[in-house]
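Heavy atoms only: backbone and side chains are in, while hydrogens, waters and symmetry mates are out.
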Number of protein chains: 2
Amino acid sequence: MKYSKATNYALHTMLHLAVAAPDKPVGVQQLAEQQHVSPTYLSKILTKLVKEGMITSASGANGGYSLVPHWKDISFLDIIHAIEGKSSLFDCDVTHGPGCLIQEAMVSAEEKMEEALRNQTIAEIAKKMTVD
Amino acid sequence: MKYSKATNYALHTMLHLAVAAPDKPVGVQQLAEQQHVSPTYLSKILTKLVKEGMITSASGANGGYSLVPHWKDISFLDIIHAIEGKSSLFDCDVTHGPGCLIQEAMVSAEEKMEEALRNQTIAEIAKKMTVD
DNA sequence: GCGTGATTACTCGGATACAAGATGTCCGAGTTTGAGCGG
DNA sequence: CCGCTCAAACTCGGACATCTTGTATCCGAGTAATCACGC
């Protein structure tokens, strides 16, 4: 069980956009260089963020990706869900009656983590970065 | 990001041992039937639990797996760590200065979940099952 | 000066290749129980 | 009744086979800004 690298790339890209250029579009090449990823792969990841409405993409010359106006509301959980999906971490597919107590316990613990991630915004981290 | 089926099998096996036979050894075939897994695969999983000291295995006729004496202290987190490993869910391998704030935020959230799992014991669930 | 077209710098999306890990199977080896058998 | 042997029922562990998923690349298509050219 690991978070995928794609999630890591997505989080770092969001943070970079927030710190460096909250309004101007940034090309995928520039973003890719900073994280040592291939531009095409990063583009594939960012497409997911576009579909979830966290960033917008501008085609053509001087194009690139930029944050949406309400970007300060975006939490870690939003980004993670966009990349990893929204399904639960644990699936009890054993057929043993209606309610699986193990499933309930696991989901309950998972929600603790999600709550923490929901209260953690990119804007907060970006602020720490600029102060530093 | 998903918990593996192996973790699911391990949790269910532990629960079953706790409910049905806290002291007598149970054969791997019987355990496998209830979860619709092949005995050899389940055996491979249970070997990990043996190495982590949560169950013991008895060879020979009437052999099988049984819980260790202090099984009431075993938490969900112990079992998960035995199967999934103890490493963090998130690795920021981007080279950008010493402390990655994203990494810190992720680990912090992860610890919330681990705390919940550490406080959830198999014995608790087993008790609910028998009352029911 | 101004419109028009070509060029350039981008993103988008699908198809594909590759690697790693999860999942599952097979088989030989070792171990304990218990039954059978001979003394 | 005792002790020996042997078979049966198990687990153990490594070596495979398979399948899914994450990771990454390639390429053609579309799009917008910019530049060049001709009127």
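For residues 4-37 of chain A, the pairs satisfying ring-ring contact (aromatic ring centres under 6.0 Å, His included) are A:His12-B:His96, with sequence neighbours left out.
Atom CE of A:Met1 and atom P of D:dT21 are 16 Å apart (whole Å). A:Leu31 places its CG atom 12 Å from the C1' atom of C:dT11, with the value rounded to the nearest Å. Atom C1' of nucleotide C:dA22 and atom CG of B:Asn8 are separated by 14 Å, given to the nearest angstrom. Atoms CD1 (A:Ile55) and C1' (C:dC10) sit 15 Å apart, rounded to a whole Å. Put simply, CG on B:Leu42 is 14 Å from C1' on C:dT25, counting in whole angstrom units. Protein atom CG of B:Leu46 is 15 Å distant from nucleotide atom C1' of C:dG24, rounded to whole Å. In this structure, the NZ atom of B:Lys51 is 17 Å from the P atom of D:dT11, given to the nearest Å. In this structure, CD of B:Gln30 is placed 10 Å from P of D:dT11, rounded to the nearest angstrom.
A:Ser108 pairs by the side-chain hydrogen bond (donor to acceptor under 3.5 Å, both in side chains) definition with nothing, not counting sequence neighbours. With sequence neighbours left out, A:Glu110 forms a side-chain hydrogen bond (donor to acceptor under 3.5 Å, both in side chains) with A:Ser88. Residues passing the side chain to side chain contact (heavy atoms under 4.5 Å, CB included) test with A:Lys86 are A:Glu52, A:His81, sequence neighbours excluded. In this view, B:Lys2 and A:Ser87, A:Asp91 satisfy the side-chain hydrogen bond (donor to acceptor under 3.5 Å, both in side chains) rule, not counting sequence neighbours. Considering only residues two or more places apart in sequence or on other chains, A:Ser66 meets the side chain to side chain contact (heavy atoms under 4.5 Å, CB included) condition with A:Pro25, A:Thr56. With sequence neighbours left out, the side-chain hydrogen bond (donor to acceptor under 3.5 Å, both in side chains) criterion links B:Asp73 to no other residue.
B:Phe90 has its side chain within reach of B:Ile102: a pair of non-hydrogen atoms, C-beta onward, lies under 4.5 Å apart.
For the segment residues 74-88 of chain A, the set of residues with a heavy atom within less than 4.0 Å of an atom of DNA chain C is empty.
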Footprint string (nucleotides 23-34 of chain D, 5' to 3'): B base within contact, S backbone only, - free, heavy atoms under 4.0 Å: SBB-----BBSS
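Closest non-hydrogen pair, A:Ile83 versus A:Ser4, comes out as CG2-OG, 4.3 Å.
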